Amino acid sequence: MQIQFNKVYNYEVKDYGFDGLDNDLVIDIFKDGRVFSHFSELLLENLFPELVYVDEKGYDFTREGCPNLDAKTFTKASGLEICPSNMLGQGRVFDQ
């Protein structure tokens with residue numbers, strides 16, 4: 001699939017699980033974007049082959065001819081914050 005900017009993509013994860021854990025528990029765990037991002041970033045690389053997952057400080061992907069890209073995950077549990085993760089959390093300050 002080719003990336004189109006300014007477009008919302010919807011994707012439903014259907015094949016998930018972890019041996020020995022009930023699927024409802026896995027869903028609850030994945031509602032935490034910090035956990036789910038480890039899986040979704042690799043999924044994005046599979047869905048969009050032009051992305052190269054690098055997991056560097058401040059960005060997650062590179063793409064030829066494009067600025068570095070950062071994946072942001074939002075979930076029903078905690079929503080979305082658009083700022084670097086090192087500026088979120090107790091005792092951290094957002095530097096606009």
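Here the structure is a predicted model, which is why all the values come from computation and not from measurement.
- A continuous path of Ile, Leu, Val, Met, Phe, Trp and Tyr side chains, each step under 4.5 Å between heavy atoms, connects F48 with V13, placing both in one hydrophobic cluster.
- Taking the side chain as every heavy atom from C-beta outward, E41 and F61 approach each other to under 4.5 Å.
- Residues V54 and L51 do not share a hydrophobic cluster, clusters being chains of Ile/Leu/Val/Met/Phe/Trp/Tyr side chains in contact below 4.5 Å.
- Taking 4.5 Å as the limit, some side-chain heavy atom of Q4 sits within range of a side-chain heavy atom of Y9.
- The closest side-chain heavy-atom distance from Y11 to L43 is below 4.5 Å.
- Residue Y59 places its OH atom among more than 12 non-hydrogen atoms of other residues, nucleotides or ligands, all under 6.0 Å distant.
- Test T62, L42, N46 against Y53 for side-chain contact (heavy atoms from CB on, under 4.5 Å) and you get one pass: L42.
- The line from CG of L47 to CD1 of I3 is 10.0 Å long, rounded to the nearest 0.5 Å.
- The side-chain heavy atoms of F30 and S37, taken from C-beta on, include no pair separated by under 4.5 Å.
- For the atom pair CG (L69) and CG (L44), the distance works out to 10.0 Å, reported to the nearest 0.5 Å.
- Atom CD1 in I27 sits 8.5 Å away from atom CG in D22 (nearest 0.5 Å).
- Within the 4.5 Å cutoff, no side-chain heavy atoms of E50 are placed close to those of E64.
- With rounding to the nearest 0.5 Å, the separation of CG in D55 from CG in D60 is 6.0 Å.
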